[in-house]
Number of protein chains: 2
Amino acid sequence: MRRTKPRRFVVPANSSARSAPRAARYERQLPEQRRLALIAATIDCLKRYGHEGLSIRTISARAGVSVGLINHHFPNKDELIAAAYRHFNAELVAGLKAAVARAAPQPRQRLRAFLQASFSPPNLDRDVLAAWVVFWGMYRHSRAIQRVHGENYESYVELVHGLLAELIRDERPRGTSVNLRFIAMGLSALLDGLWLEWCLEPANVRPAEAVALCESWIDNLCRGADSSRLE
Amino acid sequence: MRRTKPRRFVVPANSSARSAPRAARYERQLPEQRRLALIAATIDCLKRYGHEGLSIRTISARAGVSVGLINHHFPNKDELIAAAYRHFNAELVAGLKAAVARAAPQPRQRLRAFLQASFSPPNLDRDVLAAWVVFWGMYRHSRAIQRVHGENYESYVELVHGLLAELIRDERPRGTSVNLRFIAMGLSALLDGLWLEWCLEPANVRPAEAVALCESWIDNLCRGADSSRLE
DNA sequence: TGCCTTACTGTACGATCGTTCAACAACGGC
DNA sequence: GCCGTTGTTGAACGATCGTACAGTAAGGCA
């Protein structure tokens, strides 16, 4: 709601302050740069303080700007958070894709690189995973978060699908078939679950063990031990 | 901080109101009953409105009591939420154990009952899972939540361990061995991950498929297809 | 019946929330 | 040097937060 009361009288700057050569009080930035800085500050606050760090004042303080600036670059707080979620998602997928691209060309090596990247810094960070959980917690009740989730989760699923398809084409015995959708669903679920468990109690899950668990699971399914019930 | 201003003059009830036979304005409850009702209201608000439903006013309104009553039964909001988390956890484990107890005595049937209970109401409810995610989101920064998590997660892990141990004793070929800790970790991770995926996008995961995925995974490991790398 | 304990109410407080907007000022173009 | 554009500030708003506590009244007991 708009303010209705008149503003108080504003005392003008005195002449001495006006005549002295003043240092610049702030630096103007291009809108795109400032937006990125605000998004970075949002993610940083989320990692540090969890859900309670997502206040306009906390974020603007961390970004080193005034409280009013956020609403100059974003229509409201939800849109800022959604933008932060988009950035967060995009960075994750980009990092994983880069790790895969650096790996040897064999499907197995590429998949291993993907798994190892998933279970090593910067992804395997309690702060990062805490941020994920906060985003998930908003998913149900925030249209903006839902929209971004839909946009970016696609690309993650595609990545997992592609890696598994390569592997199956390479290693699967001729004449047998698997249900790729199920395997991909299971792998991403296993990944998420292990992530989550490590986040809640890091002592329970060692990263190398998590990778081994995932690989073992894929091995079993690819060898076709029993995927009939999954068709 | 304590209030310093004096309270306003309180108008006494007029004589007609005092002399008329008044209906009881509220019903006194035993502390334990009231505590349970407040905990139930807290969980209900959490399911309905997510993190934003966890305000004293929202909870007390749903419980049908005044704002002040919560602090009469709980020292502060965090302790109420921790108590709700404890109740939530306990109900989950109790429900799962009851489902297992109702099943046929064969380890395989008992495990299947456990899985099916995990992926059917009341556990497989988007609201329930949304509540979990909110609790997880608080884990990092709330001592009370950490404490309760430690208390109750134990019993969940023990349940999974026990069911798997039965199954392995029954079905595992003689002379082979598996690492129970790994299998239990993987199973609970797979469960959590599938839960989470169903919560975020129910269309992607059908409950029966989730159960089948878990069973297939256990089958493979129990058959000892390859658990050497997990030792 | 009157009394006492205590579950309970409801207002007030101070803090903090997201948002608004008049004023300020940095900086490119002239 | 001046001007116009616009990125930026910061105080103030109204709402809402968790908590405190003076006061009310329900219900058991003598």
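Since we're looking at a predicted model, the values are computed, not measured. Just so we're on the same page: letters track the sequence lines, and every chain starts at 1.
- The interatomic distance linking A:F74 (CZ) with C:dT19 (P) rounds to 13 Å, in whole Å.
- Between the CD atom of A:E32 and the C1' atom of D:dT6 there is a distance of 17 Å, rounded to whole Å.
- A salt bridge links A:R140 with B:D127; the closest basic N to acidic carboxylate O contact falls under 4.0 Å.
- For the pair B:I56 and B:E27, nearest-nucleotide mapping onto DNA chain D gives the more 5' position to B:I56.
- Across all strands shown, B:L80 has no heavy atoms under 4.0 Å from either base or sugar-phosphate atoms.
- Between B:Y85 and B:W132, the ring-plane angle classifies as perpendicular under the 30° and 60° cut-offs.
- What separates CG of B:L54 from P of D:dT16 is a distance of 17 Å, to the nearest Å.
- Side-chain atoms of B:K77 come within 3.5 Å of backbone N or O of B:L54 as a donor-acceptor pair.
- With respect to B:E158 and B:K97, no salt bridge is recorded, no charged nitrogen being found less than 4.0 Å from a carboxylate O.
- Relative to the side chain of B:Q29, the nucleotides C:dC8, D:dA26, C:dT19 differ in distance, and C:dC8 lies closest.
- Rounded to an integer number of Å, the gap from OH of A:Y26 to P of C:dC24 is 11 Å.
- In terms of phosphate contacts, A:H72 brings no side-chain nitrogen or oxygen within less than 4.0 Å of OP1 or OP2 of C:dT19.
- Screening A:V133, A:L196, A:V134 for a side-chain contact (heavy atoms from CB on, under 4.5 Å) with B:V133, the sole residue that qualifies is A:V133.
- Proximity of a side-chain donor or acceptor of B:R86 to a complementary backbone N or O of B:V148 within less than 3.5 Å is not detected.
- Across residues 58-69 of chain A, A:G68 each have a non-hydrogen atom less than 4.0 Å from an atom of DNA chain C (numbered order).
- The distance from atom CZ of A:R25 to atom P of D:dT8 is 13 Å, rounded to the nearest whole Å.
- Of the candidates D:dC17, C:dC8, D:dG7, the closest approach to any side-chain atom of B:S55 belongs to D:dC17.
- Residues B:E79 and B:R147 are paired through a salt bridge, judged by an N-O separation under 4.0 Å between the basic side chain and the carboxylate.
- What separates CD1 of B:I70 from P of C:dT11 is a distance of 17 Å, to the nearest Å.
- You won't find any donor-acceptor pair under 3.5 Å spanning the side chain of A:R34 and the base of D:dG7, going by distance alone.
- For the ring pair (Phe, Tyr, Trp, His ring centres under 6.0 Å) with B:H149, the qualifying choice from B:Y139, B:W136, B:F135 is B:Y139, the only one to do so.
- Residue-to-nucleotide contacts include a donor-acceptor pair under 3.5 Å from the side chain of A:R28 to the base of D:dT6.
- Taking the six-membered ring for Trp and the full ring otherwise, the centers of A:W198 and A:F119 sit at least 6.0 Å from each other.
- A salt bridge links A:E209 to B:R181: one of the charged nitrogens lies within less than 4.0 Å of a carboxylate oxygen.
- Between A:D78 atom CG and C:dC17 atom P the separation is 16 Å, expressed in whole Å.
- Taking a pair as Watson-Crick or G-U with both hydrogen-bonding distances under 3.5 Å, the stems of three or more pairs touching DNA chain C are C:2-30 with D:1-29.
- Here the nucleotide nearest the side chain of B:R57, chosen from C:dA7, C:dG18, C:dC13, is C:dC13.
- Taking atom CG of residue B:N76 and atom C1' of nucleotide D:dA20, one finds them 13 Å apart after rounding to whole Å.
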